[in-house]
Amino acid sequence: MKKIGFACKYVDSTKTGFENVKELNMGATTVAWLGRQSKQVAEKKLWEIAMQNLTATSNLIRKVGTLDEHLRMVRIGSDVIPMYTHDLYRSFWQEPSRIKIIEQNLSKIGQYAKDSNIRLSFHPGQFVCIASDRDDVITRSLEELEYHADMARFMGFGQSKLDFKINVHVSGRRGIAGFDAAWQRMSPELRNCLTLENDEYQQGLDELLALKDKVGIVLDIHHHFIKTGEYIKASDPRIQGVLESWQGVRPTFHYSQSKSELIPRTGMTTMETLLESTSKSKLRAHSDFYTNKDINRWALTHLEWGNMMAESKAKNLASFELFDQFKEEFM
DNA sequence: AAGCGTCAAGGCATG
DNA sequence: CATGCCTTGACGCTT
């Protein structure tokens, strides 16, 4: 089943743009704010946010379950259980009675996703740097990854290769070798779920392919364009390596577009031409919507071999538009 | 309601 | 050296 997914948030269109649908989106707090409260108030707040987030996640998954089956793919935000790995609040969250309630909620969400053929994923934040040259950063990065693996396990995933995706960049000066060392310290569930995504500057597709026997490779076709200037083709031989890395599971690839004011409304402009009027770093930023339909047409050809995670500011609204174009031109 | 300062955490490129 | 960019701008406080 060819799928087009969206990330973390569900929005509605308004006259000025779009805004979050309250009951489908998570809340948050900060360590600083919690630190200004009494212990009781801080813990009450943490618990309330977690429960609100579990409800919001459940609502979001059920909403996705009502969509066309081609649109049943969504990334869950990382802040379901806030401060789960933070030194000050770790023991609060490790309390078995609390874990039990979290697990009960998440297992229902996971079961619903399985029954509804919804593909789920996480994308831990930029502070996860498993190839850092600082050992403490590696340790905290692994803790953060294991948090995501816990949540996946509570949902009933992590039991077979890539039944759930936890996607990160290699990130850090130790590079591929650093990743190999960190791999030795990961739980079986995390290893089952972990995918690595090519980035714009350091670890590109060619570098990641060296790891294809360990982890699923998530090809971000926009990052690949930023790094190499190439609109990679679905027929490119390296796609075979990506497919192998997923070991029989249908892969996910990522698609985003540069901000619409930086690229032409139509046509596939070369990197060389784009750089006459802008810079690579500006081209990295994501657009609200996918306005250039010629670039979209190229991106949609990749659905031949994988599912598309649409990364854009307009979230579900943008992925719905891509699906409309897909139906018009490919179905 | 709207504006503003703040927020746990890294790494990189650019200017 | 400061800023912008990435999983995502939202929360909390003040006016």
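Per chain, numbering begins at 1; letters A, B, ... match sequence-line order.
For the P atoms, the distance from C/dT3 to C/dT8 is 24 Å, rounded to whole Å. Distance check on atom P: C/dG4 versus B/dG5 gives 15 Å, rounded to whole Å. Here, C/dT7 and B/dC7 have their P atoms 24 Å apart, quoted to the whole Å.
Residue A/A7 is the one, among A/A7 and A/Q37, whose nearest nucleotide of DNA chain C lies closer to the 5' end (criterion: closest heavy atom).
In DNA chain B, stems built from 3 or more consecutive Watson-Crick or G-U wobble pairs, each with both distances under 3.5 Å, span B:1-7 with C:9-15, B:10-15 with C:1-6.
Judged as a side-chain hydrogen bond (donor to acceptor under 3.5 Å, both in side chains), and not counting sequence neighbours, the contacts of A/K44 are A/E48.
On the nucleic acid side, DNA chain C has its first and last nucleotide under 4.0 Å of a heavy atom of chain A at C/dC5 to C/dC13, going 5' to 3'.
Between A/D163 and A/C193, the closest side-chain pair of non-hydrogen atoms falls below 4.5 Å. Residues A/P251 and A/W305 are in side-chain contact: their nearest non-hydrogen atoms beyond the backbone lie under 4.5 Å apart.
Pairs passing the side chain to side chain donor-acceptor pair (under 3.5 Å) check and including a residue from residues 146-161 of chain A, sequence neighbours excluded, read A/S78-A/H148, A/Y84-A/D150, A/E146-A/S187, A/D150-A/R153.
Residue A/K259 is out of contact with every strand shown, counting any heavy-atom pair closer than 4.0 Å. Contacts of A/T85 with the nucleic acid, taken as non-hydrogen atoms under 4.0 Å apart, include base atoms. Using a 4.0 Å heavy-atom distance criterion, A/H222 is classed as making no nucleic acid contact. Using a 4.0 Å heavy-atom distance criterion, A/K313 is classed as a sugar-phosphate-only contact. Among the heavy atoms of the strands lying under 4.0 Å from A/N20 are primed sugar atoms or P, OP1, OP2 only; no base atom is included. Counting any heavy atom pair closer than 4.0 Å across all strands shown, A/S78 reaches no nucleic acid atom.
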Please list, pair by pair, any protein nitrogen or oxygen found under 3.5 Å from a nitrogen or oxygen in nucleotides 11-13 of chain B.
from, atom 1, to, atom 2, distance (Å)
B/dG11, OP1, A/S132, OG, 2.6
B/dC12, OP2, A/R173, NE, 3.0
B/dC12, OP2, A/R173, NH2, 3.2
B/dC12, O3', A/Q202, NE2, 3.0
B/dA13, OP1, A/Q202, NE2, 2.9

- Apply salt bridge (Lys or Arg N to Asp or Glu O under 4.0 Å) to the pair A/E200 and A/R284, showing each step before the final yes or no. CA-CA 8 Å; A/E200 303 98 319; A/R284 287 175 77 195; 3.0 Å; yes
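Centroid-to-centroid, the aromatic rings of A/H70 and A/F323 come within less than 6.0 Å. If you look at A/H169 and A/H223, their ring centroids are closer than 6.0 Å. Checked against the 6.0 Å centroid threshold, A/H86 and A/Y89 count as a close aromatic pair.
Residue A/F18 belongs to a hydrophobic cluster whose other members are A/V11, A/F289, A/L317, with links defined by side-chain heavy atoms closer than 4.5 Å.
Taking the O4'-C1'-N9-C4 or O4'-C1'-N1-C2 dihedral as appropriate, B/dT6 has a value more than 90° from 0 and is therefore anti.
Look at CZ on A/F127: it is 7 Å from C1' on B/dG10, rounded to the nearest Å.
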